[in-house]
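Within every chain, numbering begins at 1; the chains are lettered A, B, ... in the order of the sequence lines, protein sequences first and strands thereafter.
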Number of protein chains: 2
Amino acid sequence: MNETLSILRNHRSVRQFTDTPLTEEEILTLVEAAQSASTSSFIQAYSIIGVKNRDTKKELARLAGGQDYVLENGHFFIFCADLHRHTVAAEMEDVSISDTISTTEKFIVATVDASLAAQNASIAAESLGLGICYIGGLRNNIEAVSELLQLPDHVIPLYGLAVGHPAGETAIKPRLPVPAVYMEETYANDKDAKVRLTAYNETISDYYKERTGGKRNDSWTSQMTNMLATPSRLHMKEFVQGKGMMKS
Amino acid sequence: MNETLSILRNHRSVRQFTDTPLTEEEILTLVEAAQSASTSSFIQAYSIIGVKNRDTKKELARLAGGQDYVLENGHFFIFCADLHRHTVAAEMEDVSISDTISTTEKFIVATVDASLAAQNASIAAESLGLGICYIGGLRNNIEAVSELLQLPDHVIPLYGLAVGHPAGETAIKPRLPVPAVYMEETYANDKDAKVRLTAYNETISDYYKERTGGKRNDSWTSQMTNMLATPSRLHMKEFVQGKGMMKS
């Protein structure tokens with residue numbers, strides 16, 4: 001296994017960091033790695049906000065639901081789907097693009113673009129011995145996050161990325177069995193899916209038992225259905241549309 | 001620069017491949033790398049379809065707009081946002097999750113999850129000396145792609161990924177200047193944005209001139225506004241909602 005594959009396969013989210021901040025050079029390395037990712041038709045439809053100010057981080061931590069590691073890390077990035085830059089281009093070229101950037105298609109393009117970039121930044125960080133954790137919790141209070149960062153229309157803060165020097169070890173969580181996720185030619189049928197999920201439930205149950213000294217007894221299907229029983233972040237559609245995207 | 005950073009920074013899309021297929025081991029390596037990516041609350045909301053059948057690839061190439069490299073490559077993957085598996089889990093646990101998986105929030109979660117996985121697969125491929133190209137063109141005829149792959153409700157084919165042994169060299173495209181994409185504390189203002197885009201236009205114009213022996217004279221802002229002047233794939237919203245997602 002080459003060095004890169006080994007980094008990819010050894011990923012685990014890090015939620016405890018030392019207080020050493022990332023250097024300017026490290027921040028630049030991560031941003032440039034992010035920018036090197038593929039981008040749909042060269043559109044580069046994302047922006048990254050870096051936060052160092054402790055008061056801003058404190059507020060972001062509160063808005064995300066009180067996660068310590070939003071405040072205590074080496075650097076905090078927010079990845080945004082961004083078509084605002086293209087409205088500036090449209091002004092420069094005197095061309096109207098408003099019917100296009102308000103489509104669901106372009107919202108998907110920008111969300112995918114931002115995520116390919118974020119994953120590149122994550123891998124770059126891990127290659128430098130840093131740890132990372134994605135923070136979807138920012139969407140709990142997305143309107144307030146957007147105001148705090150002064151995001152204009154056509155910019156959606158998708159998630160944060162806490163990066164820093166790991167303090168302590170975390171375990172790699174076993175993923176779904178390959179045949180549950182990877183199929184050839186056509187989508188696999190549900191009969192097999194249940195058999196696979198049942199086997200996977202045992203793997204996950206063993207993983208939790210081992211990590212908690214037998215205290216946590218949970219399966220993947222119960223964990224998922226507990227989480228999905230109650231809808232969350234029902235404001236997302238209105239927020240995104242309010243920013244002028246995903247309207248048609 | 002370590003080996004991984006060098007792979008990330010050397011990315012360019014490859015659109016010409018030799019006829020050597022990926023080995024089963026290479027396919028598995030890519031899928032397992034994909035699965036190692038971060039996933040929102042462990043939801044693992046994506047599936048990957050691998051296509052080897054030449055007739056299926058021919059049809060996908062036609063549906064994507066006639067791109068040769070959808071047919072001629074070492075392996076063709078389709079990355080899908082997928083919450084169907086969770087409906088199977090819900091059946092097993094006898095819990096209703098329909099109000100949750102139909103939200104915009106969960107569509108975003110699944111799209112991000114799939115994209116982090118896809119980018120991991122891409123980097124794994126490049127670490128093995130393979131080349132990759134994302135194929136957004138599958139969304140041109142997303143309904144037909146979905147039928148061809150027999151995708152059930154709550155599964156959205158987001159894009160393809162053509163992978164293979166590169167035939168010929170392509171150049172790295174210069175990205176937006178770092179300050180256009182990366183900002184600290186708050187979103188930067190538009191006055192600076194125009195200055196930056198004007199400078200970037202020169203970079204891109206030089207890049208195209210050099211590559212085409214002076215034949216192509218194009219700037220980034222003109223390329224973008226030409227593309228964005230006419231809306232495309234206006235069927236996306238209806239398709240996604242028809243699959244039971246992004247409804248609320």
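- Both the backbone and the side chain of A/T198 come within contact range of chain B, each with at least one heavy atom under 4.5 Å from a heavy atom of that chain.
- Both the backbone and the side chain of A/E32 have a heavy atom closer than 4.5 Å to some heavy atom of chain B.
- The distance from atom OH of B/Y208 to atom CD of B/Q223, rounded to the nearest 0.5 Å, is 3.5 Å.
- Residue B/I49 touches chain A through both its backbone and its side chain, counting heavy-atom pairs closer than 4.5 Å.
- Nearest heavy atom pair, residue A/S41 against residue B/M227, reads CB-SD, 3.5 Å.
- Looking at B/M183, both its backbone and its side chain come within 4.5 Å of chain A, counting heavy atoms on both sides.
- Heavy-atom pairs under 4.5 Å with chain B peak, among A/V88, A/L128, A/L148, A/V240, at A/V88.
- Contacts between B/Y200 and chain A at a heavy-atom distance below 4.5 Å involve the side chain alone, from C-beta outward.
- B/V95 touches chain A through its side chain: at least one heavy atom from C-beta onward sits under 4.5 Å away, while N, CA, C and O do not.
- With a threshold of 4.5 angstrom between heavy atoms, A/R175 approaches chain B through its backbone and through its side chain.
- Applying the salt bridge (charged side-chain N to carboxylate O under 4.0 Å, His left out) definition to pairs two or more places apart or across chains, those involving residues 78-88 of chain A are A/D82-A/R85.
- How far CE of A/M246 is from CE of A/M236: 8.0 Å, rounded to the nearest 0.5 Å.
- The structure places CG of A/L5 at 3.5 Å from OG of B/S127, a figure rounded to the nearest 0.5 Å.
- Heavy atoms only, all atoms of each residue included: A/R15 and A/C133 are closest at NE-SG, 3.8 Å.
- If you tally non-hydrogen atom pairs under 4.5 Å between each of B/L228, B/L151, B/I123 and chain A, the highest count goes to B/L228.
- For residues 96-104 of chain B, heavy-atom neighbours of chain A at less than 4.5 Å comprise B/S96, B/I97, B/D99, B/T100, B/I101, B/T103, B/T104, sorted by residue number.
- Residue A/I135: no heavy atom, backbone or side chain, is found under 4.5 Å from chain B.
- A/I43 touches chain B through backbone and side chain together, each having a heavy atom under 4.5 Å away.
- Looking at A/S232, the atoms closer than 4.5 Å to chain B (heavy atoms on both sides) sit in the backbone and in the side chain alike.
- Residues passing the ring pair (Phe, Tyr, Trp, His ring centres under 6.0 Å) test with A/H84, sequence neighbours excluded: B/Y187.
- For the atom pair CG (B/L116) and OG (B/S38), the distance works out to 6.5 Å, reported to the nearest 0.5 Å.
- Proximity to chain A (any heavy atom under 4.5 Å) is restricted, for B/Y134, to the side chain, taken from C-beta onward.
- Ranked by heavy-atom pairs under 4.5 Å with chain B, the list A/A124, A/A118, A/G136, A/S122 is led by A/A124.
- Contact annotation for B/I132: only side-chain heavy atoms (C-beta onward) come within less than 4.5 Å of a heavy atom of chain A.
- B/K106 touches chain A through its side chain: at least one heavy atom from C-beta onward sits under 4.5 Å away, while N, CA, C and O do not.
- In this structure, the separation between CZ on A/F76 and CG on A/N53 is 13.5 Å, given to the nearest 0.5 Å.
- The environment of B/E185 atom CD is dense: over 12 non-hydrogen atoms of other residues, nucleotides or ligands sit within 6.0 angstrom.
- Neither the backbone nor the side chain of A/E147 comes within contact range of chain B; no heavy atom of the residue lies under 4.5 Å from a heavy atom of that chain.
- With a 4.5 angstrom heavy-atom cutoff, A/F239 does not touch chain B via any of its atoms.
- Defined by atom type and a distance below 3.5 Å, a donor-acceptor pair is present between the side-chain atoms of B/E93 and A/T221.
- Top candidate by heavy-atom pairs under 4.5 Å with chain B, chosen from A/R139, A/Q44, A/H86, is A/Q44.
- Of the atoms belonging to A/M1, not a single heavy atom falls under 4.5 Å from chain B.
- Between the side chain of A/R12 and the main chain of A/N10, a donor-acceptor pair closer than 3.5 Å is present.
- For B/V31, the part sitting under 4.5 Å from any heavy atom of chain A is the side chain, from C-beta outward, and nothing else.
- The choice from A/V181, A/L149, A/L8 that makes the most heavy-atom pairs within less than 4.5 Å of chain B is A/V181.
- In terms of heavy atoms, B/R196 sits closest to B/A180 at CD-N, 3.6 Å.
- For the set B/A89, B/G50, B/A114, B/A37, the count of heavy-atom pairs under 4.5 angstrom toward chain A peaks at B/G50.
- The backbone N or O of B/T111 lies less than 3.5 Å from a partner atom in the side chain of B/S115, making a donor-acceptor pair.
- Residues B/N120 and B/S36 approach most closely at ND2-C, 3.9 Å, considering heavy atoms.
- Contacts of B/E91 with chain A are made by side-chain atoms alone, with heavy-atom separations under 4.5 Å and no backbone atom involved.
- Highest contact tally toward chain B, considering only A/A90, A/S222, A/S40, A/A117, is held by A/S222 [criterion: heavy-atom pairs under 4.5 Å].
- Contact count against chain B (heavy-atom pairs under 4.5 Å) is highest for A/A229 among A/C80, A/A33, A/A229, A/A193.
- Interface remark: B/I27 contributes side-chain atoms only to the contact with chain A (heavy atom separation under 4.5 Å).
- Only the side chain of A/T56 comes within less than 4.5 Å of a heavy atom in chain B; its backbone stays farther off.
- A pairwise comparison of heavy atoms in A/L83 and A/A45 identifies CD2-CB, 3.9 Å as the closest pair.
- Contact check on A/K52 versus A/E24 returns a salt bridge, with a Lys/Arg side-chain nitrogen under 4.0 Å from an Asp/Glu carboxylate oxygen.
- For A/N201, the part sitting under 4.5 Å from any heavy atom of chain B is the side chain, from C-beta outward, and nothing else.
- A/E126 does not touch chain B: none of its heavy atoms, backbone or side chain, sits under 4.5 Å away.
- With a threshold of 4.5 angstrom between heavy atoms, A/L176 approaches chain B through its backbone and through its side chain.
- In summary, B/E105 and A/K237 do not engage in a salt bridge, as defined by a charged side-chain N under 4.0 Å from a carboxylate O.
- Residue with the most contacts toward chain A among B/W220, B/F107, B/F77: B/W220 (heavy-atom pairs, distance under 4.5 Å).
- Note that the CD1 atom of B/I172 and the OG atom of B/S13 stand 11.0 Å from one another [nearest 0.5 Å].
- Interface with chain B: from residues 153-160 of chain A, residues A/V155, A/L158, A/Y159 qualify, criterion being any non-hydrogen pair under 4.5 Å.
- Of all the heavy atoms in B/A121 and B/F79, the pair that sits closest is CB-CZ, 4.0 Å.
- In this structure, chain A has heavy atoms under 4.5 Å from both the backbone and the side chain of B/F42.
- Neither the backbone nor the side chain of A/I78 comes within contact range of chain B; no heavy atom of the residue lies under 4.5 Å from a heavy atom of that chain.
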